[in-house]
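Just below is one structure, and these are the notes that go with it.
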2 protein chains.
Amino acid sequence: MELTHSDLPALQAPHPDHADCRGVASILARVGDKWSVFVIMNLSGGPKRFNELKRVINGISQRMLTLTLRGLERDGLVTRTIFPTIPPRVDYELTDLGRGLQQPVKALGEWAMAHQEQIAAARTRFDERNNT
Amino acid sequence: MELTHSDLPALQAPHPDHADCRGVASILARVGDKWSVFVIMNLSGGPKRFNELKRVINGISQRMLTLTLRGLERDGLVTRTIFPTIPPRVDYELTDLGRGLQQPVKALGEWAMAHQEQIAAARTRFDERNNT
DNA sequence: CGGAATCCGAATCGATACTG
DNA sequence: CAGTATCGATTCGGATTCCG
């Protein structure tokens with residue numbers, strides 16, 4: 001698969017807690033993927049079709065939308081339902097698991113929104129300091 | 001800079017809320033970066049030196065640790081303090097901003113831990129279904 | 001010790017063209 | 001409409017070498 005940064009090198013285990021880091025990291029990677037987040041957000045309101053998502057997300061290529069949706073489906077976050085009509089229709093919908101993920105993701109998003117100016121300022125300062 | 005997935009294409013704005021997606025996404029990308037998360041976690045306990053981090057994280061290359069730390073420093077999440085001793089010593093420490101980020105990240109990490117079996121199972125099922 | 005610089009293969013991604 | 005397939009450009013990232 002192309003999308004996942006999934007498999008990461010061994011991680012030391014100072015506490016037994018760290019045993020699960022491998023799996024956890026692959027989940028964090030999905031959240032860090034901007035397209036995955038956008039798709040999850042745009043599915044909050046209910047099921048959507050492929051091209052509907054493509055229009056709303058605006059900037060995603062067909063290829064990346066397909067890849068992103070496959071990844072989410074693989075992780076059990078999204079379901080894919082085919083209606084064998086003509087023309088074909090495919091609906092994507094959040095699973096309960098996917099909806100559950102929205103809470104922590106929104107928390108993170110809100111933190112990001114709340115501090116984005118602070119971070120932007122830090123970036124500007126850092127960039128000015130280094131180049132010129 | 002090499003590390004950031006930062007700049008993303010325009011995003012439609014159904015609600016005015018979505019105006020900030022650009023900046024927010026670049027912050028989410030940092031959280032999605034596995035090394036950044038590991039570094040932030042490992043700095044919870046207080047400042048650490050470069051090679052100390054390198055040993056603890058185990059699997060990160062020197063190059064990626066440098067890049068990751070620069071990124072975090074740029075975003076104002078980590079400070080870098082040089083002690084001009086011989087041999088040189090450089091300490092990295094979380095800023096208040098960095099410590100603040102830990103809360104939502106931990107929430108996400110806990111969600112991931114809580115559901116990792118469910119997700120692993122979903123992946124297995126999906127993979128079995130498709131190939132073989 | 002804590003990097004910076006270079007090399008180079010591997011993984012990503014967008015654009016395009018084709019299909020049922 | 002909802003994809004798959006292919007290709008070229010970019011980016012990523014590990015290994016290595018050199019430096020104060």
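Values below: all heavy atoms of this structure, side chains included; hydrogens, waters and symmetry mates excluded. What you see is a predicted model, and the numbers here were worked out from it, not measured in a lab. Naming convention: chains lettered A, B, ... in sequence-line order (proteins, then strands); numbering from 1 in each chain.
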request  = Go through dG14(C), dC1(D), dG2(C) for me and flag the one nearest to the W35(A) side chain.
outcome  = dG14(C)
inquiry  = If I take atom CD1 in residue I86(A) and atom C1' in nucleotide dG20(C), what distance separates them, rounded to the nearest angstrom?
reply    = 9 Å
ask   = Contact class for F83(A) vs. all strands (heavy atom < 4.0 Å): base, sugar-phosphate, or nothing?
value = nothing
Nearest-nucleotide comparison on DNA chain C, the residue closer to the 5′ end among S61(A) and F50(B) = F50(B)
task = Can you tell me the distance, in whole Å, between the CG atom of D33(A) and the C1' atom of dT11(D)?
result = 15 Å
key: Of P88(A) and T66(A), the one whose closest DNA chain D nucleotide lies more 5'   = P88(A)
key: Chi angles and distances behind the side chain to side chain donor-acceptor pair (under 3.5 Å) call for E93(A), T81(A)   = CA-CA 8 Å; E93(A) 184 171 15; T81(A) 311; 5.6 Å; no
ask   = Is a side-chain N or O of D33(A) found less than 3.5 angstrom from the main chain of S36(A), in a donor-acceptor match?
value = yes
inquiry  = I need the NZ-C1' distance between K34(B) and dA11(C), as an integer number of Å.
reply    = 12 Å
note = Taken to the nearest whole Å, CZ/R63(A) to P/dG8(D) is 14 Å
request  = Figure out the CD1/C1' separation between I57(A) and dG14(C), and round it to whole Å.
outcome  = 16 Å
ask   = Taking it one step at a time, do R123(B) and D75(A) satisfy salt bridge (charged side-chain N to carboxylate O under 4.0 Å, His left out)?
value = CA-CA 5 Å; R123(B) 286 180 181 171; D75(A) 284 2; 2.6 Å; yes
task = For the pair R99(A) (side chain) and L94(A) (backbone), establish whether a donor and an acceptor sit closer than 3.5 Å, ignoring hydrogens and angles.
result = yes
task = Please state how far atom CD1 in I82(A) lies from atom C1' in dA2(D), giving the value in whole angstrom units.
result = 10 Å
Q62(A) CD - dT19(C) C1' separation (whole Å) = 12 Å
query = Roughly how many Å is it from CG in D91(B) to P in dG2(C), rounded to a whole number?
reply = 9 Å
key: Phosphate OP1/OP2 of dC1(D) contacted by Y92(A) side-chain N/O (<4.0 Å)   = no
key: R70(A) vs dT4(D): side-chain N/O to OP1/OP2 distance below 4.0 Å   = yes
task = Could you check whether the rings of F38(A) and W35(A) sit parallel, tilted or perpendicular, using 30° and 60° as the cut-offs?
result = perpendicular
